[in-house]
Amino acid sequence: MKFSKKLITWYLQNKRSMPWRKTTDPYRIWLSEIILQQTRVAQGLPYYLSFTETFPTVFDLANANEEQVLKLWQGLGYYSRARNLHATAKYVANDLNGVFPDTYIGLLKLKGVGDYTASAIASICYKEAVPVVDGNVYRVLSRYFGIETPINSTEGVKEFKKLAISLMDHDEPADYNQAIMEFGALQCKPKNPYCIVCPLNDSCESQKNGKVTVLPVKLKKLKIKKRYFNYIVLLINNSQTIIQQRVGNGIWKGLYEFPLIENETIDITKITSDTTIKNIIEDKNHEIVPYNEDPIIHKLSHQHLYTKFYIIRLDAIGVISKNQKLIDYKDIKTYPVPILLGNFIDSFFEETVVSE
DNA sequence: AAATCGGGGTT
DNA sequence: AACCCAGATTT
C-alpha cells in the first residue's frame, strides 16, 4: 500500500475529535491554523472556542478593535499572530466581501499565512493537493526516509518540501495532510515513539538502522539573552495606576505594562528617561517598596527576564507622559497584558489592593 | 541565512 | 535544563 494510504488508514482509526475537524468553513480553518502555529492542540483549543464564540464570522472579527483581539489572545504568545489575524480579517471582510482566497497562491498573500498555513487551508477547505510541512511532518519524513539533513537549514527546507510534494495524496488531500501531522503528534512522537506498534515500521529507514532517536537533525539553537526589568507600580489615591502600551518591534508589541525601567543589572541603577516616573522616584516623600525580593524569572524562547516590581503609593499625580494611561485598578483586567504581568496583577491587585 | 517572536508541556 | 509545539516575519 502507498505511504499516503497507510497514513490515511491509520488516521481514520486514530484521529482525535477536534472542533475544527467538524467544518470546512475557511474562516474557522484559518482561525484554527493561526492559533495552532507553534502551539499544542491542548493549549490552543480553549482559544479557538473563545474566538469562534466571540467572533462567529470574519466580519465580527474585522469589526473588533485590535485591543479586544489582543485581550482574547492574551496568554497564547507570539502576539504578532493576533495582530496579523485582525489585519487579515479586516482585509477579507472589507476588500474581499468576506470571502477567503480559495487557492494556495491566493492564501499565501494574507498576512500571517505562510507556506504551511496556506497549504493547510487550501487542502482542508478546497481539496487542493498541496502538502503541509510542519514540525510533525519533518519528524515523520526524516525518520521514515532516514534523512539527516537538518530540518531548519535552507537545504533541508527545500529537500523536505520536495519530498512532501512527491508523497502528496491527490485523492484525499485534506485527510492526508491531517493524517501525517496527527501521526507525528500521536505515534511518531519526538521522544519514545511507538515504533513497536507502528504501521510503517517494516519500511521505516531509521527503524532499520537504529537512528530513530537521532532524527530529525536540527541545527542547534541560539543563546539566551538575560534582561532585567523593573516595573514601577503606582498606587494613586488608592484607586488608580499608570500603564503604557509597548510599541516598536520586540516582545509583547501592542500589549500593556507598567512603566518599565530596564537595566544591565537587576537593580534600579539607571535613571529612566521617563520624566513622570523619574520625578516620582526622586521625590524622597515617596517610599519605594519592592514587591518581590528575588527577581521573578520569566522565560521566553530567546530571553530570560529577571523582573522586579516596585510599589509606590502617592496621593495625586500631575501631568503624565503622552504614551501613558491613567486608569482605575478595577479596569486593569480589561487591558491585554503579558502573562508575567497578568500573574502579578492577579496576586497583587486581587489580594493586596482590593481587600483593603 | 540567521534572528526574533511566548508560553507551556514533556522528558 | 533541553527540547518541542498544526511557523511567519524581519533583519
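Just so it is clear, the values below take in all heavy atoms, side chains as well, and ignore hydrogens, waters and symmetry mates. A, B, ... follow the sequence lines: proteins, then strands. Residue 1 opens every chain.
- For the pair A:Leu45 CG and B:dG8 C1', the interatomic distance rounds to 15 Å; values are reported in whole Å.
- Contacts of A:Val132 with the nucleic acid, taken as non-hydrogen atoms under 4.0 Å apart, are absent.
- Straight-line distance between the P atoms of C:dA6 and B:dA3: roughly 25 Å, to the nearest whole Å.
- When heavy atoms are screened at a 4.0 angstrom cut-off, A:Lys225 is found touching the sugar-phosphate backbone but no base atom.
- Looking at heavy atoms from C-beta onward, A:Ile339 lies in side-chain contact with A:Asn343 at the 4.5 angstrom threshold.
- Atom pair A:Lys218:NZ and C:dC5:P shows a separation of 6 Å (rounding to whole Å applied).
- Proximity of a side-chain donor or acceptor of A:Glu128 to a complementary backbone N or O of A:Thr103 within less than 3.5 Å is not detected.
- Among the nucleotides C:dA1, C:dA6, B:dC5, the one closest to the side chain of A:Tyr116 is C:dA6.
- For A:Tyr138 and C:dC5, the shortest distance from a side-chain N or O to OP1 or OP2 is not below 4.0 Å.
- Between the CD atom of A:Gln43 and the P atom of C:dC4 there is a distance of 17 Å, rounded to whole Å.
- OP1 or OP2 of C:dT11 has at least one side-chain nitrogen or oxygen of A:Asn249 nearer than 4.0 Å.
- Smallest separation of non-hydrogen atoms from A:Met168 and A:Val130: SD-C, 3.8 Å.
- Backbone-only engagement by A:Asp115 is indicated by non-hydrogen atom pairs under 4.0 Å involving sugar-phosphate atoms exclusively.
- Put simply, A:Thr117 has a side-chain N or O that comes within less than 4.0 Å of OP1 or OP2 on C:dA8.
- Among the atoms of the strands shown, base atoms are found under 4.0 Å from some heavy atom of A:Leu76.
- As a whole-Å value, the separation of A:Arg246 CZ from B:dT4 P is 15 Å.
- Using a 30° and 60° split on the angle between ring planes, A:Phe344 and A:Phe348 fall in the parallel class, below 30°.
- Considering only side-chain atoms of A:His302, the nucleotide from B:dT4, C:dC4, C:dA6 that sits closest is B:dT4.
- A:Lys211 and A:Glu205 are not joined by a salt bridge, as no carboxylate oxygen comes within less than 4.0 angstrom of a charged side-chain nitrogen.
- Contacts of A:Val113 with the nucleic acid, taken as non-hydrogen atoms under 4.0 Å apart, involve only primed sugar atoms and P, OP1 or OP2.
- Residue A:Gln37 places no side-chain N or O under 4.0 Å from the OP1 or OP2 atom of C:dG7.
- Between the NE2 atom of A:His298 and the P atom of B:dG8 there is a distance of 7 Å, rounded to whole Å.
- In this structure, the side chain of A:Glu182 does not engage the main chain of A:Asn14 through any donor-acceptor pair within 3.5 Å.
- At B:dG6, none of the side-chain N or O atoms of A:Arg81 fall inside 4.0 Å of OP1 or OP2 (strictly under the cut-off).
- Using a 4.0 Å heavy-atom distance criterion, A:Gly75 is classed as a sugar-phosphate-only contact.
- Looking at heavy-atom distances under 4.0 Å, A:Arg139 makes contact with sugar-phosphate atoms alone, never a base.
- If you check every strand for non-hydrogen atoms under 4.0 Å, A:Gly250 touches sugar and phosphate atoms only.
- For the OP1/OP2 pair of B:dG7 and a distance below 4.0 Å, the side-chain nitrogens and oxygens of A:Trp252 include at least one atom meeting the criterion.
- Mapping A:Leu36 and A:Leu108 onto DNA chain C by nearest heavy atom places A:Leu36 at the nucleotide closer to the 5' end.
- We find that CD1 of A:Ile224 is positioned 10 Å from P of C:dA1, with the value rounded to whole Å.
- Heavy atoms of A:Lys253 sit nowhere under 4.0 angstrom from any nucleic acid atom.
- Mapping A:Asn84 and A:Met18 onto DNA chain C via the closest heavy atom, the residue that lands nearer the 5' end is A:Met18.
- Checked against B:dC5, C:dA6, B:dG7, the side chain of A:Gln178 finds its nearest nucleotide in C:dA6.
- At least one side-chain heavy atom of A:Thr88 sits less than 4.5 Å from a side-chain heavy atom of A:Trp30.
- Residue A:Trp20 is tested with A:Tyr47, A:Tyr48, A:Phe51, A:Tyr27 for a ring-ring contact (aromatic ring centres under 6.0 Å, His included); the sole match is A:Tyr48.
- Using a 4.0 Å heavy-atom distance criterion, A:Trp20 is classed as a base contact.
- Across the protein-nucleic acid pair, A:Gln38 atom CD and B:dG7 atom P stand 14 Å apart, rounded to whole Å.
- In terms of phosphate contacts, A:Thr39 brings no side-chain nitrogen or oxygen within less than 4.0 Å of OP1 or OP2 of C:dC5.
- Nucleotides C:dC4 and B:dC5 have their C1' atoms positioned 16 Å apart, rounded to a whole Å.
- Using atom C1' as the reference point in both B:dG9 and C:dA8, the two lie 22 Å apart (nearest Å).
- Taking atom CZ of residue A:Arg40 and atom C1' of nucleotide B:dT10, one finds them 7 Å apart after rounding to whole Å.
- Separating the C1' atom of C:dT9 from that of B:dG8 is a span of 23 Å, rounded to the nearest Å.
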